[in-house]
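Below are the structure tokens for one structure; questions will follow.
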Amino acid sequence: MAEDVAAQRRTGLNSPDPNYDWHRIAYLVQVSRALDTLEETRLVPERKISYQFSARGHDMAQIMLGSRLTNAKDATCGYYRSRPLLLSLGVPIEDALGSAMGRAGGYSDGRDIGVVFNFPNPGGVPALPMSGGVGAQYTPTAGWAQAIEYYRTVLESEQHKDAIAVVLGGDGSVAANGFWAALTIATTQKLPMLFYIEDNEFGISVPSTYQTPGGNIARNLASFGNLEVISGDGTEPAEAARLLSQAVEHVRSRKGPALLRLTVPRLQGHSFQDTQTYKSQDVVASEWSRDPLPKLKSYLVPALISEEEWQRIEGEAAEAVEQARATAEAREVASPETVMANVFFEGELQQVGGQWTHGYQAPPSTDVPKPEGQRINMVTAIRRTLERELEINPRVLLFGEDIGPKGGVHAVTLGLQERYGIERVFDTSLNEEGIVGRAVGLALAGLMPVPEIQFRKYAEPAIEQINDCGTMRWRTNNRFAAPMVLRIPGGFFKVGDPWHSQTNEVQFVHNPGWLVAVPSNAEDAVGLLRAGLRGNDPVVFFEHRSMLDDSWARRPYPGDDYVLPFGRAKKTREGDDITIVTWGAMVPRCEEAAKDFSADVIDLRTLVPWDKEMVLESVRRTHRCLIVHEDLQSGGFGAEIAAVVADEVFLDLDAPVARVTMPDIPSPHNPVLLNWAVPSVEKIRAKIDELVGF
């Protein structure tokens, strides 16, 4: 009997599942096929499209999945073969084509390749900004899933009651760090997240057995804790419908995450340029024998749709695609000068992401400090600022490794979990990509995440997520943004070493879209941190380890309303003979070195943006410039400052622009070696004397 039922499902003799709109599914599958054909036969050969990834074979199940996303608080994030899903969510066909052509409008206004989708979908289910990196979609989706849980349990939102987050990935992506990071987050937190894995048995040219033992991620995860694992054939309409409903219902019913693996054929190459020479003719023939389109037709005709109606649907799809082609080709290319816009927030609010899109309004603030009480160290100042913003803004969340009961390895978050609860101040697994990627998803959902990377060097595994977050506003042309404050302690502290004492702030400067703060004292830390927490851009907040409890860095608390705008440097000493530009732990050393000279000592306080006007005004007056920083000399941010000074005030200089920095070596551990390598007061003073006497 069971075999008879299975045979009926596979041959389509049973009635089509009434929970699916099969007419719409049939139409959209035909649209997807017509788009692939148009691109492959005309637009790519005519060089109107550069990147083309066919979805043939993946299309039917994706479209069926999209039809199950019915809560406006759902969200999905796919990858470069996910256009059918976008069609099911309602993306206009002309936008899909226009984006592929790089024309104005569409997903990115021609800024990103057309297969990297995003879709704000006001009033509907958004498609979160996809990434060109394999596996990068998983952890932001986990962040959205955690946001759903936060909205419904802490903020008591009825709209999020049965919402889910869905991530799409191929069998190749299950080897990526992002997949395992997200899997850990979702299962340990029992989040409403569906992992939808399309297994076509190849990652470009590499078979799936190279990605996971045995080539079946579902079998390997069968005993994974807190995870419902479902697997089946994504080319059989009845089976796919049943499994999709089962997976979605499991997650919607708040039973925890699920992984659904559907086997599908990749009926074309990885991309248009891929000749598939790595596949035998038998493999190609076997794949085409599993094409879901004829199976869909057999399933629906004549049980639900007549042959004539099927032909009509096919014709309507072809006509819609041709009309969309004409519309897309009529679009202009965006004006080149517009590519400079929307790196940062410029006044026009993004459509999705950040607390501002959810009605958040910052309390009144002042850029004039109002000192309160005795001097406090930077640790206390940062903690007090975080505590105040947690108190007045329920959207603020703090998380990272060991920041809960332990209070962080630098004690900055000590006591905050006890006061505000584990939902708002929580520890994470040991995975920096998961920390930052999760923050991206939380930010996209309208919260203000404050993730911590325990030490600067440990940010390296998260660099892809950091880059994707920073470029998000620009590459979606202000459709999406993910504002957050990423706290990163770094720099030397009594001793050094290559793992805990790195600075390398310049790497964040090279990630467009991030504001970068490098405070040297408690007052500036308060103002810059609060600016980030109330702002609308992602911020890297660099906490120098040696300044956290340094006596020089202590200042009175500047008040709960103090906000320091980014890009405003401060002169800590004033003079006429030389300009010294510095930041972080080098500020007090420069002050000490310059005490016997008439010198402007400028603490930049932020590197993105940096106060070029103050520096240039000072150099025009003093005619000399010395730049001091702890980072390595080659490629350090001081080189950028020196280049700007040379470009813009060269004729005002009476001496060469000079730098005192770390040599191009990792931070040494022994204090004697460290003190030799880090710019010392003596080295800075000697260079000042040399330049003044030049």
Side-chain angles (χ1 to χ4, degrees), residues 73 75-77 126 128-131 133 135-154 160 163-167 169 173 176-195 226-227 256-257 352-355 395-404 408 413 417 422-454 458-470 472 480-488 514 538-541:
K73 301 303 179 181
T76 184
C77 192
L128 305 181
M130 302 177 188
S131 167
Q137 69 271 30
Y138 287 106
T139 53
T141 310
W144 186 282
Q146 185 163 353
I148 290 172
E149 194 68 19
Y150 185 80
Y151 272 108
R152 62 192 182 192
T153 59
V154 178
H160 291 80
I164 65 173
V166 179
V167 64
S173 70
N177 185 44
F179 172 79
W180 293 99
L183 197 63
T184 299
I185 294 168
T187 52
T188 57
Q189 306 302 311
K190 298 183 181 179
L191 298 179
M193 180 172 176
L194 172 59
F195 294 79
N226 297 331
L227 182 69
V352 176
Q355 56 186 350
R395 295 184 179 274
V396 174
L397 304 177
L398 274 59
F399 52 95
E401 298 160 11
D402 304 308
I403 71 121
T413 57
Q417 185 182 88
I422 197 170
E423 297 84 6
R424 301 190 63 196
V425 182
F426 54 88
D427 289 318
T428 67
S429 57
L430 190 69
N431 189 293
E432 285 75 19
E433 178 175 354
I435 291 171
V436 179
R438 177 195 319 215
V440 171
L442 290 165
L444 286 168
L447 303 177
M448 172 44 75
V450 188
E452 178 187 301
I453 299 296
Q454 203 165 78
Y458 300 162
E460 306 304 325
I463 288 299
E464 181 173 45
Q465 291 296 334
I466 290 171
N467 178 74
D468 292 352
C469 177
M472 184 180 295
F480 289 84
M484 68 176 71
V485 176
L486 176 57
R487 295 178 43 246
I488 307 180
W514 285 90
V539 172
V540 170
F541 187 79

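Residue numbers count from 1 along this sequence.
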Within the structure provided, determine whether Ile185 and Asn431 are in side-chain contact (heavy-atom separation under 4.5 Å).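 No - every pair of side-chain heavy atoms lies 4.5 Å or more apart.
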
Note to self: Rounded to the nearest 0.5 Å, what separates atom CD1 in Ile403 from atom CD in Gln417?
What the structure shows: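 Atom-to-atom, Ile403:CD1 and Gln417:CD are 7.0 Å apart.
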
message = What's the separation between atom CG in Asp468 and atom CE in Met130, rounded to the nearest 0.5 Å?
response =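 If I round to the nearest 0.5 Å, the distance is 13.0 Å.
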
Side-chain heavy-atom pair Pro483, Gln355 within 4.5 angstrom cut-off: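 No; the side chains remain at least 4.5 Å from each other.
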
Could you measure the distance from the CG atom of Leu227 to the NZ atom of Lys190? Nearest 0.5 Å is fine.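 Nearest 0.5 Å value for the CG-NZ distance: 12.5 Å.
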
query = Going by heavy atoms in the side chains, are Pro129 and Leu444 under 4.5 Å from each other?
reply =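 Yes. Closest side-chain heavy atoms under 4.5 Å.
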
- Query: If every non-hydrogen atom of Cys77 is compared with every non-hydrogen atom of Gln137, which pair is closest and at what distance?
  - Reply: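 So the minimum-distance heavy-atom pair works out to SG-CB, 3.7 Å.
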
- Looking only at non-hydrogen atoms, find the nearest pair between Ala142 and Leu191 and report the distance.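 Closest heavy-atom pair between Ala142 and Leu191: O-CD1, 3.7 Å.
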
Indicate the atoms forming the closest heavy-atom contact of Ala163 with Pro192, along with that distance.
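Heavy atoms of Ala163 and Pro192 come nearest at O-CB, 3.7 Å.
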
Could you give the distance from CZ (Phe195) to CG (Leu183), rounded to the nearest 0.5 Å?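 Nearest 0.5 Å value for the CZ-CG distance: 5.0 Å.
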
Below 4.5 Å, heavy atoms only, C-beta onward: do Val450 and Arg487 meet side chain to side chain?
->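 Result yes, sub-4.5 Å side-chain heavy-atom pair found.
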
For this session: Kindly determine whether Met484 and Val440 satisfy side-chain contact (heavy atoms from CB on, under 4.5 Å), including the steps that lead there.
Result: CA-CA 8 Å; Met484 68 176 71; Val440 171; 3.9 Å; yes

| Looking at side-chain heavy atoms only, is the closest gap between Gln146 and Leu397 below 4.5 Å? |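 Side chain of Gln146 against side chain of Leu397, heavy atoms only: no contact under 4.5 Å found.
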
- Message: For Val166, is there any backbone N or O sitting under 3.5 Å from a side-chain donor or acceptor partner on Thr76?
- Response: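 Side chain of Thr76 to backbone of Val166, a donor-acceptor pair under 3.5 Å: yes, one is there.
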
Identify the heavy atoms of Cys469 and Ala482 that sit nearest to each other, and give their distance.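 Shortest heavy-atom contact: SG-O, 3.5 Å.
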
- Message: If I compare all heavy atoms of Glu432 with all of Pro461, which pair ends up nearest, and what's the gap?
- Response: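 Closest approach of Glu432 to Pro461: OE1-CG, 4.1 Å.
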
Donor-acceptor contact present, side-chain Arg395 to main-chain Gly446, <3.5 Å |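 At least one qualifying donor-acceptor pair exists.
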
So, do Ile453 and Leu486 sit near enough that their side-chain heavy atoms are less than 4.5 Å apart?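 When only atoms from C-beta onward are counted, Leu486 and Ile453 do touch, with a gap below 4.5 Å.
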
- Message: Can a donor-acceptor pair be found, under 3.5 Å and without considering hydrogens, that links the side chain of Arg424 to the backbone of Val396?
- Response: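 Here the side-chain-to-backbone pair exists.
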
Would a distance-only check, ignoring hydrogens and angles, find a side-chain to backbone donor-acceptor pair under 3.5 Å from Asp427 to Glu401?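 A pair under 3.5 Å: no.
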
query = Does a donor on one side chain and an acceptor on the other come within less than 3.5 Å for Thr139 and Gln465?
reply =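 The answer is yes; a qualifying pair exists.
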
Thr184 side, atom OG1; Arg438 side, atom CZ - distance, nearest 0.5 Å |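 Those atoms lie 9.5 Å apart.
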
Main-chain N/O of Ser173 paired with Tyr138 side-chain donor or acceptor, under 3.5 Å
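Such a contact is absent between Tyr138 side chain and Ser173 backbone.
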
When you measure from the side chain of Thr141 to the backbone of Val167, do you find a donor-acceptor pair of N or O atoms at a distance under 3.5 Å?
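Looks like no, no N/O pair under 3.5 Å.
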
Least distance between heavy atoms, Pro449 atom then Phe399 atom: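 Answer, listing the atom of Pro449 first, then Phe399: CB-CE2, 3.7 Å.
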
Requested in this report: Calculate, to the nearest 0.5 Å, the distance between atoms CD1 and CG belonging to Ile148 and Leu442 respectively.
Outcome: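 Ile148 atom CD1 to Leu442 atom CG measures 10.5 Å (nearest 0.5 Å).
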
